[in-house]
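One structure is given below, encoded as structure tokens.
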Protein chains: 2
Amino acid sequence: MMMAGLRERKKEQTRRRIAETALRLFDERGYDAVTVNEVAEAAGVAKVTLFAYFPSKESLVLDGIKDDTAAIVDGREEGQSPLDALHAHYRETARRGSGAIDMDGLLLRVRVITASPALLASVHQARMEQRHELAAALARALPGRGPAAQLMAAQITAAVTTLQEVFFWRLSQGVPPEEAARSLGEDVELAFDLLRHGLEGGNHEKGH
Amino acid sequence: MMMAGLRERKKEQTRRRIAETALRLFDERGYDAVTVNEVAEAAGVAKVTLFAYFPSKESLVLDGIKDDTAAIVDGREEGQSPLDALHAHYRETARRGSGAIDMDGLLLRVRVITASPALLASVHQARMEQRHELAAALARALPGRGPAAQLMAAQITAAVTTLQEVFFWRLSQGVPPEEAARSLGEDVELAFDLLRHGLEGGNHEKGH
DNA sequence: AATAAATCCATACCGGGTTCAGAAATGTAC
DNA sequence: GTACATTTCTGAACCCGGTATGGATTTATT
């Protein structure tokens, strides 16, 4: 009859316990200084069990941090340009931003990530894959020549990435979430203005 | 009297032997499937010795593949904008391109790299560092607000990266080097046009 | 030939990650 | 509640990349 499974509840519980233990230890002593054996022991499971729940040490931190730009492009409304769709999405994200998700957990994660070169490398790797998917989506959206889509995807991904970085950098500097969210709103407009009209186009105080 | 060092010659020779052996094995059987022990053995040295010459397995392939955009910006002529300096540099690179360096060795390296997720991740990591340096250089060059410099650095790095990728992709598809170099020249102009005037500015056939 | 310095190597070790055989827990049937 | 199948967990051994160490070999100088 399979009635909501007690097994599955325990599994989820164990999974959360492992992830939380790991994040706490990483924050206390640094990602690289904590071994997965310690995490497993502190969480009360065996190393093998830990790796049954998480495929790698990195995934203990990076579980579900994606930002699927390709899906946004693919799912845009008829007649809307890819750039407009992305602009609308990130404008909306910035507006929601402040109160929506739990800032504390997120900020903890970001703190752990930015403190570890290994995790940063992994994040970057994920972004590369995302960029390739976006390039494919753009090529679908505007079937012109290849290199243009790749160049656009690269620049868009770079801009979005930088928005995230600047946002979290502000938060880590102690800027209160509401103000950081407001600045993010401004940065989104700046970023898409740069994307649309170029680095030497507008009023963003650049000489010659 | 130190007469040109026989020691140093032997060292260089050993170093080359290790690197060439590694590249050959990686190309034959794949980077991940070859252990450094095998490389060391095939090159006739001990594992420890290999790591005395190269700091990591990756560096056997990625030795000296950087592309220092920050230095180009810092070393530009008086009155020249950062973007112009970079544009001139890559235009020149594309012109020289074809005959200058040994395409075969380079192409072999690129083939090995693109076939290995681990190496790709490492390349990407290096680019991230390069991007941060470029952001610092841009902030020095045009002391405006912070986020703009970071956004510009991100977009420029993304464009340059994509130029390389498209170039090597063409080569790997069998396009003859001279033609690939010519296409690279065109792509350089396209990329900097996009950078200067934006993704929806010019004549690069984008509809919406 | 003697000596100082550089180079090399065997071995043992560490941490991340996997494999495997079985122990423990859970679900099901009687 | 007992018996059995299935899932989950575990300890131990192992692989690979990388480091530490102490000694052996080669090279350069006198």
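Quick note on labels: first sequence line is chain A, next is B, and so on, each numbered from 1. Side-chain atoms are counted along with the backbone in the values below, which use heavy atoms only and exclude waters and symmetry mates. Keep in mind the model is a prediction, meaning the values are calculated, not measured.
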Query raised in the report: How does protein reach along nucleotides 10-18 of chain C, written 5' to 3' as B (base within reach of a heavy atom under 4.0 Å), S (only sugar-phosphate), or - (no contact)?
Result: BB---SSBB
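- Remark: C1' of D/dG11 and CD of A/Glu41 are 13 Å apart, rounded to the nearest angstrom.
- Annotation: cation-pi geometry satisfied between A/Arg15 and A/Phe54 (NZ/CZ under 6.0 angstrom from ring centroid, within 45° of ring axis).
- Checked by atom type and distance alone, the side chain of B/Glu179 never pairs as donor or acceptor with a backbone atom of B/Pro176 at under 3.5 Å.
- A parallel orientation is assigned to the rings of B/Phe192 and B/His87, their planes being inclined by less than 30° (bins at 30° and 60°).
- The interatomic distance linking A/Gln13 (CD) with C/dA25 (C1') rounds to 15 Å, in whole Å.
- Put simply, the side chain of A/Arg109 does not reach to within 4.5 Å of the side chain of A/Phe168, judged on heavy atoms.
- As a whole-Å value, the separation of B/Leu25 CG from D/dG17 P is 12 Å.
- OP1 or OP2 of C/dT26 sits under 4.0 Å from a side-chain N or O of A/Lys10.
- When atom types are taken as modelled, the side chain of A/Arg131 and the backbone of A/Ala154 share no donor-acceptor pair closer than 3.5 angstrom.
- Protein atom CZ of A/Arg9 is 15 Å distant from nucleotide atom P of D/dT8, rounded to whole Å.
- Contact annotation: B/Tyr53 side-chain N/O to C/dC8 OP1/OP2 distance is under 4.0 Å.
- The pair B/Glu12-B/Arg16 fails the salt-bridge criterion, with no side-chain N (NZ, NE, NH1 or NH2) lying under 4.0 Å from an Asp/Glu carboxylate O.
- Taking atom CZ of B/Arg15 as the reference point, atom C1' of C/dT7 lies 15 Å away to the nearest angstrom.
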